Amino acid sequence: MKKLTFFLISLLTVFTACSDGLDNVEYNRNSDIVVATPEATVTTGTSLTVHSSVTGNLNNVAKRGFCYSVNVLTPTIKDNVVEADENFSATISGLTGNTVYYIRSYVYGNSRYTYSETFTVTTAASSLDEQLKNYVAPTYEDYYVDIASWDQRNQWNLANVHDPTVVLAEDGYYYMYQTDASYGNAHTAGGHFHGRRSKDLVNWEYLGGVMPALPEWVIPKLNEIRKEMGLNEVSPETTDFGYWAPCVRKVKNGLYRMYYSIVCPGTLDGANSWGERAFIGLLENSNPANNNGWEDKGYVITNASDKELNFHIKPDDWANCYYKWNAIDPSYLIDNDGKHYLIYGSWHSGIAALEVDAETGKPLNTLPAPWGTSEDIAAYGSLITTRQMGNRWQASEGPEIIYNAATDYYYLFVAYDALDTPYNTRVCRSRNINGPYLGIDGVNLTQDGGEMLPVVTHPYKFSNSYGWVGISHCAVFDDGNGNWYYASQGRFPQNVEGNAYSNALMMGHIRSIKWTSTGWPVVMPERYGAVPQIAITEDELVGNWEHIDLSYSYGKQKESSNMTLAADHAITEGSWKGGTWNYDAEKQILTANGVELCLQRETDWEANPRTHTIVYAGYTNNKTYWGKKKK
């Protein structure tokens, strides 16, 4: 399913990106004019008044101003910009209190921009009330067709993101890496497993690919296995390999690991045999700020079959496919006992767990040949969850595993269904990394298999928007201070604005996670926008809401309906009409119609202009609910 979808993405080269008019601009400070480093003359919690000067040949200076960023150390006009007055001064407003900003002054003349050195300044601390009053929502476009091409990559922010993985590094940046996929296949100009970074989870600096070419070990390893299987050697084109689903983790200070998937093209032995295998490999880096510093450590694991050499299974016999384990979609965890584990798998028998060596990141025990009986291949991992016992084409993939010390549970997030529209996320949990994993309804997904509940994300639509589909294959991470986040791609529905390829627009989504009173993670319905988290009062809850029953419905985009919370604690409109509500202000929990709903202030991305609002998410044993307060 993934392979077919990525093939279709590669065909989407029909669009023509709009130029920003800067393609022929020379960025050069070594010119006949000199721009002074700016200085701040007034600093508040939400604004900076800055001043600069310019000397030299000023005859052709047509424009002057300041560019600034919270995560780009040397900002350009492709970042945030404010024009200066005739005295080369300007006020930059809409800022966040107690935040570091990087600012450069610039002038434009003789068809080029000349920049100053970077000035670093921290805005003043301000109260949460002041910050909320002055909150400025993110302004980047979601429908990013005009900047989708490679030459616009410095403007991507979270455009062209698929299967993200995120790690918080020692330098305070969050680093994100991803599957090779983009609208129009724009990413192919820059290598594989593209990276970006951010200080605030809102503004992301594009870094480029971390792997310039197919690793040298892949084709020799492939032919080594084929020879042992009695198959002929192959010489596939390196451009035909798939580069999927990296997982990055900080192992310790000065050591970061990235597991990645390489999917080999072709079949094992012609048209009437099963498809070729995949590999999981490993990269290491001492400092992810050095995007070229990822060193390949080679082969980790491959697909394993319990059908010995009987690989001439009909390629459309999905439920009985040749492989037991599919070596893609790695997730990596150091458990609370200090042991290291690789969690992997996609579509076939389910999700497998394998202990790896802490020093090397490779399997702790020597792997035998990747075929044989079930006993022969036991070293390739043990089943921890499956959607349906005995079925090897079950539409589950993309495992992401975390441990939350606050609840003392391991949580396994899994992507369900096809990735174009139906993609949705489920979660289960266990006291032990190897299981058993149970759903919120008590189903034992390790021993018996089943439909994992709860649903965490699902195709949805609030009013005044096209909504989002294909929301899954997630990264789950924290900031070290008890705040957890969920990252994934989100796709536009089909035929948005008459664009036949709009479903291939993949925007990176980051959402906050809250934890229910029973220790289950709920993902907020609106994307994270750094809204100040002022305590929500009961009076603010009175009024009209958009309410979504987010429970599972294959491929259906669940739409919102109106719900009204009256001041007398009655629910007077919507599917819960006739019910009541109450509020625990200390815990920030709204209980409506008997359902516990976690609250958070978030960005209202559908408002025009965007602003802040209040959102909720909650579960019963078989349903999921999302909502947001209407302005």
Side-chain angles (χ1 to χ4, degrees), residues 1-23 78 137-164 178-190 194 196 204 206 242 415 417-424 457-473 487-510 525-527 548 553-560 603-610:
M1 187 63 68
K2 274 192 170 182
K3 191 174 294 186
L4 174 61
T5 303
F6 286 147
F7 173 73
L8 292 175
I9 290 172
S10 70
L11 299 180
L12 303 182
T13 56
V14 296
F15 70 88
T16 301
C18 297
S19 169
D20 61 3
L22 301 174
D23 296 342
K78 299 228 175 182
T139 58
Y140 61 78
E141 291 291 329
D142 288 329
Y143 187 80
Y144 62 85
V145 171
D146 289 348
I147 61 165
S149 60
W150 179 249
D151 62 353
Q152 304 292 311
R153 60 193 179 279
N154 288 336
Q155 298 186 64
W156 282 357
N157 201 340
L158 284 171
N160 280 330
V161 167
H162 190 76
D163 299 344
Q178 66 175 81
T179 284
D180 280 18
S182 60
Y183 185 78
N185 228 18
H187 69 277
T188 56
H194 294 245
R196 60 197 81 198
W204 291 82
Y206 179 76
D417 299 330
L419 54 76
D420 49 358
T421 296
Y423 231 18
N424 61 100
T457 65
H458 189 284
Y460 76 98
K461 181 181 183 297
F462 283 121
S463 62
N464 302 319
S465 74
Y466 297 109
W468 294 97
V469 301
I471 313 161
S472 196
H473 198 127
S488 72
Q489 71 272 2
R491 292 172 178 261
F492 272 85
Q494 296 178 354
N495 298 312
V496 166
E497 299 190 12
N499 181 354
Y501 306 109
S502 62
N503 188 233
L505 287 163
M506 295 165 285
M507 176 63 72
H509 287 196
I510 296 174
E526 289 281 30
R527 289 170 284 159
I548 301 177
S553 181
Y554 182 86
K556 181 179 180 181
Q557 196 174 12
K558 306 299 285 288
E559 297 190 20
S560 65
T603 304
D604 188 340
W605 291 82
E606 292 78 31
N608 187 16
R610 293 169 180 161

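Predicted model, so just to flag it, every value in this text is computed and none were measured.
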Euclidean distance, Trp605 CH2 relative to Arg610 CZ, rounded to 0.5 Å: 5.0 Å
Tell me every residue that passes side-chain hydrogen bond (donor to acceptor under 3.5 Å, both in side chains) with Thr603, counting only those two or more places apart in sequence or in another chain. Tyr135
Using the side chain to side chain contact (heavy atoms under 4.5 Å, CB included) rule, take Glu606 and Glu526 through it: C-alpha gap first, then chi angles, then the decisive distance, then the call. CA-CA 9 Å; Glu606 292 78 31; Glu526 289 281 30; 2.4 Å; yes
Interatomic spacing from CZ in Arg491 to CH2 in Trp468 - rounded to 0.5 Å: 11.5 Å
Which residue is it: Arg196, His194, His162, His473? I am looking for the one with a side-chain hydrogen bond (donor to acceptor under 3.5 Å, both in side chains) to Gln178. Arg196
Could you state the interatomic distance from OG1 (Thr179) to CG (Asp163), rounded to the nearest 0.5 Å? 3.5 Å
For Glu497 and Ser502: C-alpha separation, side-chain torsions, deciding distance, then whether side chain to side chain contact (heavy atoms under 4.5 Å, CB included) applies. CA-CA 8 Å; Glu497 299 190 12; Ser502 62; over 6 Å; no
Show the nearest heavy-atom pair for residues Ser472 and Ser488, with the distance to one decimal. O-CB, 3.4 Å
Asp604: which residues meet the side-chain hydrogen bond (donor to acceptor under 3.5 Å, both in side chains) condition with it, sequence neighbours left out? Lys628
Rounded to the nearest 0.5 Å, how far apart are CG of Leu505 and OG of Ser182? 10.5 Å
Thr457 and Asn424 have their tightest heavy-atom pair at O-CB, 3.1 Å
For Trp156, check ring-ring contact (aromatic ring centres under 6.0 Å, His included) against everything at least two apart and list the hits. Tyr206
Taking only residues two or more places apart in sequence or in another chain, which ones pass side-chain contact (heavy atoms from CB on, under 4.5 Å) with Asn157? Tyr140, Asn203, Trp204
Residues that Arg527 engages under salt bridge (charged side-chain N to carboxylate O under 4.0 Å, His left out), provided they are two or more places apart: Asp142
Who passes side-chain hydrogen bond (donor to acceptor under 3.5 Å, both in side chains) against Asn499, sequence neighbours left out? Tyr143, Tyr183
Results of ring-ring contact (aromatic ring centres under 6.0 Å, His included) for His458 - residues two or more places apart only: none
By ring-ring contact (aromatic ring centres under 6.0 Å, His included), which residues pair with Tyr554, not counting sequence neighbours? none
Interatomic distance, NE2@His509 vs CD@Gln489, rounded to 0.5 Å, equals 9.0 Å
Specify the closest pair of heavy atoms between Ile510 and Ala487, including all atoms of both residues, with the distance to one decimal. CG1-CB, 4.1 Å
Can you name the residues that form a side-chain contact (heavy atoms from CB on, under 4.5 Å) with Gln494, not counting sequence neighbours? Thr421, Asn503
Contact summary for Tyr144 and Ala159, nearest pair of heavy atoms: CG-CB, 3.4 Å
To the nearest 0.5 Å, atom OG of Ser465 lies from atom CD of Glu559 at 9.0 Å
For Ser560, check side-chain contact (heavy atoms from CB on, under 4.5 Å) against everything at least two apart and list the hits. Phe462, Glu546, Ile548
Heavy-atom closest pair (Gly467 atom, Pro493 atom, distance to 0.1 Å) is O-CD, 3.7 Å
